[in-house]
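A short write-up of the structure that comes next.
Numbers restart at 1 for each chain; the letters A, B, ... are given by sequence-line order, proteins then strands. Predicted, not measured: the structure shown is a model, and the values here were computed from it.
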Amino acid sequence: MAQGSLLRGLNPEQLAAVTLPARPALILAGAGSGKTRVLTTRIAWLISNGMVSPAGVMAVTFTNKAAKEMLTRLAAMLPLPVRGMWVGTFHGLCNRFLRAHWKLSGLPQGFQILDSADQLSAVKRVIKAMNLDEERYVPKQVTWFIAGQKEDGLRPKDVEVRDELTRVMVQVYQAYEEQCQREGVVDFAELMLRTYELMRDNAALREHYQHRFRHILVDEFQDTNKLQYAWLKMFAGPQAAIFAVGDDDQSIYAFRGAQVGNMAAFEREFRVEQVIKLERNYRSYGNILDSANELIAHNRKRLGKNLRTEAGAGEPVRVYEATSDFAEAQWFVEEAQQLHRDGTPRHEIALLYRSNAQSRVLESALFNAGIPYKVYGGLRFFERAEVKHALAYLRLIENANDDTSFLRVVNFPTRGIGARTVEQLQDAARASGRSLAQSAGALSGKGGANVQAFVNLIDAMRDATRGLTLREIIEHMLHACGLVDFYKTDKEGKDRLENLEELVNAAEAFVTQEGFGRDAVALPVDEQGAAQQAPDAETGEIMSPLAAFLTHASLEAGDNQAQAGQDAIQLMTVHSAKGLEFDAVFITGLEEGLFPHENSLADHDGLEEERRLMYVAITRARQRLYLSFSQTRLLHGQTRYNVKSRFLDELPERCLKWITPRTQGFGSGFAREYQQAWQRGSGLGGIVGAGRVQPRAASITPRAAPSHGLRMGQSVFHTKFGEGVIVTLEGSGEDARAQVNFGRHGMKWLALSVAKLTPVN
DNA sequence: TTACTAAGACTTTTT
DNA sequence: GTCTTAGTAA
């Protein structure tokens with residue numbers, strides 16, 4: 001076997017990790033340390049050494065992208081087909097498992113998966129049906145509650161009820177579960193929980209899988225939640241070797257249930273003998289890494305790790321202070337243009353921000369400058385309204401009792417079925433405990449006839465598409481249901497028609513794709529004839545291509561990239577930048593309240609997570625890193641005066657280079673010298689970074705100066721609260737008050753006759 | 001049933 | 001500022 005070539009080029013730590021004995025192992029893999037390479041090489045090494053068969057390996061990731069990447073790399077390293085291997089996302093593997101054991105898990109064979117939007121509308125229906133006040137029981141929050149309970153492994157009966165609100169939400173949870181069961185659908189959390197429960201409660205099945213998977217490898221372990229950890233333990237059994245790779249410093253999903261603590265718990269519970277740290281970074285230059293290291297050192301809860309490189313210091317980290325968010329965007333555009341002229345491809349320039357709301361100014365600046373850019377996030381292909389409509393019709397063809405889909409399109413395009421009629425239909429359905437489609441006959445009058453016509457339409461589509469290929473089914477549906485005609489006449493329907501066209505293409509690609517419907521096909525329990533231990537594994541039985549495609553659509557919402565192909569600047573939130581890397585990275589909006597976000601400042605853990613987020617952002621950069629903040633920012637239609645982010649103060653001064661032009665408040669030549677003198681002289685100590693405080697620009701016109709001599713937007717210094725920015729000024733003379741944003745000390749109202757505010761600059 | 005207006009929200013997100 | 005949602009008038 002090409003042993004040597006497999007392991008060639010690994011550094012000693014990587015080599016040690018790849019060739020660890022078959023025991024539980026924890027790999028602390030820093031950003032850019034070759035984590036995916038270690039993971040895939042380990043699998044390839046185990047298999048090519050005969051230590052495990054491909055069927056004995058399970059590799060879990062969080063995103064489809066990571067799973068695909070892993071499969072691609074494995075395919076290149078192994079001389080065997082990798083598609084049968086259990087490599088996938090948590091949810092993808094659960095889907096595979098439940099498709100194989102649908103009967104045991106109490107699901108219909110063709111069960112469908114609700115995405116978050118479907119789930120929300122399902123919860124809304126339950127709340128309506130229970131006649132609850134949506135003000136008090138906010139659907140979004142209830143949905144969140146249900147997902148949260150499931151992720152803690154709790155069914156309605158298990159939830160501890162302490163107050164009225166919880167009591168009612170548990171009732172909704174209960175009713176929601178019954179509704180899902182009736183309609184034959186499962187949400188994302190349900191995929192995990194059902195799999196877990198079936199493994200827990202069925203000894204034969206559990207023993208089978210525990211015996212089968214000798215090696216379980218987990219990517220991004222720091223992102224696992226309680227249920228996922230329990231799930232892993234369930235599959236691992238006593239002799240399995242779990243190989244967990246993670247980075248506690250990159251844990252940025254605590255807000256959605258991820259428990260970094262799982263890393264420590266794993267080390268303890270599985271008696272990990274030796275934690276291997278991958279600290280050598282192959283991505284960034286020294287100044288960037290030093291900045292990241294120094295920043296993250298401010299966090300208390302860490303397993304401890306320091307990135308190092310042999311690449312040299314590289315460029316300094318450039319810092320820019322803008323007068324307004326508009327000016328910041330303008331500066332970015334110019335800087336990016338320059339980078340591009342100097343040879344950096346646009347797609348190697350990333351523009352990162354903390355929250356999506358920040359992208360607008362940046363986008364419009366790019367747009368006006370005519371620079372191609374791509375925004376990540378936002379609607380993905382299968383989430384577009386017209387695509388969801390089409391999918392709803394397809395689901396109804398597959399399963400007429402899917403009430404979520406029924407409600408979505410019963411009157412789209414409009415066919416004279418109003419809210420009133422739908423309500424009557426829902427009442428009838430509830431009374432008889434049947435689905436909406438089954439209750440159509442119960443209605444009388446014009447509305448009833450229209451509903452009946454709709455049900456007939458669906459039935460007709462089902463009959464007409466029987467035996468057709470997936471492509472033909474979709475094409476027939478699109479015309480028969482009237483969607484095409486509707487969008488043809490709609491003046492903004494052109495793009496939508498194109499998307500529907502694209503849906504046909506997606507289906508075509510899905511069918512022809514190698515390993516078609518791999519996840520959706522009910523596989524035999526395993527290749528070694530263990531089917532007898534799993535009575536309901538319908539050996540080899542294949543679900544319809546349509547059902548498989550629908551599953552694929554919910555499990556993999558598709559790309560959300562805009563126009564592909566063009567060389568464009570990449571815009572995204574810091575969260576979505578995780579796992580990516582770029583030659584040049586701009587982190588914008590480094591202001592208190594924005595980054596760190598104000599909603600996270602309440603507790604210490606929140607702040608530490610923000611800092612990890614900043615750490616992730618910094619470590620995306622290979623060669624150049626730019627940090628910027630702005631004195632004023634238009635947010636929610638209001639001008640806010642922000643203090644620069646504390647994270648800037650936590651970076652090593654020696655790695656930074658302030659590039660703000662000082663021509664705004666002073667005469668130019670003097671200003672530059674003045675500024676450079678400050679930069680040379682002052683470290684982080686002293687008076688709240690006063691050395692680097694910029695002269696405020698004249699962008700905020702001072703009004704007729706009141707006696708106190710302060711103005712809105714002015715930076716001031718307070719002996720107790722430190723540096724702040726005046727947000728509001730009220731009253732005059734004795735009564736004069738100022739509202740000051742002190743960043744980490746919060747917003748304060750101060751009486752100017754009492755408080756000593758010294759103007760800064 | 002539809003079309004318009006007003007009110008309120010608004011961190012981060014994959015599956 | 002902009003998007004979604006709820007309520008009301010035609």
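The residues A/Lys388 and A/Asp115 are annotated as salt-bridged, a charged nitrogen and a carboxylate oxygen being separated by less than 4.0 angstrom. Between A/Arg640 and A/Glu591 there is no salt bridge, since no side-chain N of the basic residue sits under 4.0 Å from a carboxylate O of the acidic one. No salt bridge links A/Arg384 with A/Asp495; every basic N to acidic carboxylate O contact stays at or beyond 4.0 Å. Using a cut-off of 4.0 Å between Lys/Arg side-chain N and Asp/Glu carboxylate O, A/Arg302 and A/Asp248 are scored as not salt-bridged. Classification of A/Glu69 and A/Lys65 as a salt-bridged pair fails, no side-chain N sitting under 4.0 Å from a carboxylate O.
Atoms NZ (A/Lys65) and C1' (B/dT14) sit 13 Å apart, rounded to a whole Å. Taking atom CG on A/Leu601 and atom P on B/dT11, their separation rounds to 13 Å, with Å as the unit. B/dT15 atom P lies 16 Å from atom CZ of A/Phe381, rounded to whole Å. One atom, CG of A/Asp187, and another, C1' of B/dT14, lie 14 Å apart when rounded to the nearest Å. What separates CG of A/Leu590 from C1' of B/dT11 is a distance of 15 Å, to the nearest Å. Between the P atom of B/dT13 and the CG atom of A/Asp115 lies a distance of 16 Å, rounded to the nearest Å. We find that CZ of A/Phe62 is positioned 10 Å from C1' of B/dT15, with the value rounded to whole Å. Distance, A/Gln358 CD to B/dT11 P: 12 Å, rounded to whole Å.
At the heavy-atom level, A/Ile417 lies under 4.0 Å from the strands shown only through sugar-phosphate atoms. Nucleic acid contact class of A/Phe255 (heavy atoms, under 4.0 Å, all strands): base. Counting any heavy atom pair closer than 4.0 Å across all strands shown, A/Asn64 reaches sugar-phosphate atoms only and no base atom. Residue contacts for A/Phe90: at a heavy-atom cut-off of 4.0 Å it reaches no nucleic acid atom on any strand shown.
From the 5' end on, the contacts that DNA chain C makes with chain A at under 4.0 Å to a non-hydrogen atom open and close at C/dG1 to C/dA6.
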Worksheet entry | side-chain hydrogen bond (donor to acceptor under 3.5 Å, both in side chains) between A/Glu328 and A/Ser628, intermediate numbers included | CA-CA 7 Å; A/Glu328 182 187 39; A/Ser628 67; 2.7 Å; yes

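Listed candidates were B/dT13, B/dT15, B/dT11. Nearest to the side chain of A/His597 is B/dT11. Of the candidates B/dT13, B/dT2, B/dC10, the closest approach to any side-chain atom of A/His636 belongs to B/dC10. The side chain of A/Phe188 approaches B/dT15 more closely than any other nucleotide in the set B/dT15, B/dT13, B/dT2. When the nucleotides B/dT2, B/dC10, B/dT11 are ranked by their closest atom to the side chain of A/Ser355, B/dT11 comes out on top.
Side-chain N/O atoms of A/Arg380 include none lying less than 4.0 angstrom from OP1 or OP2 on B/dT13. Within the structure, every side-chain polar atom (N or O) of A/Ser116 is placed at least 4.0 Å from both OP1 and OP2 of B/dT13. Under 4.0 angstrom from either OP1 or OP2 of B/dT13 there lies at least one side-chain N or O belonging to A/Asn356.
Atom CE in A/Met263 sits 9.5 Å away from atom CG in A/Asp223 (nearest 0.5 Å).
Along DNA chain B, the nucleotide closest to A/Asn411 and the one closest to A/Thr573 are compared, and the more 5′ of them pairs with A/Asn411.
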Let me have the donor-acceptor pairs involving side chains of residues 253-261 of chain A, under 3.5 Å, with sequence neighbours excluded, atom names and distances please.
none

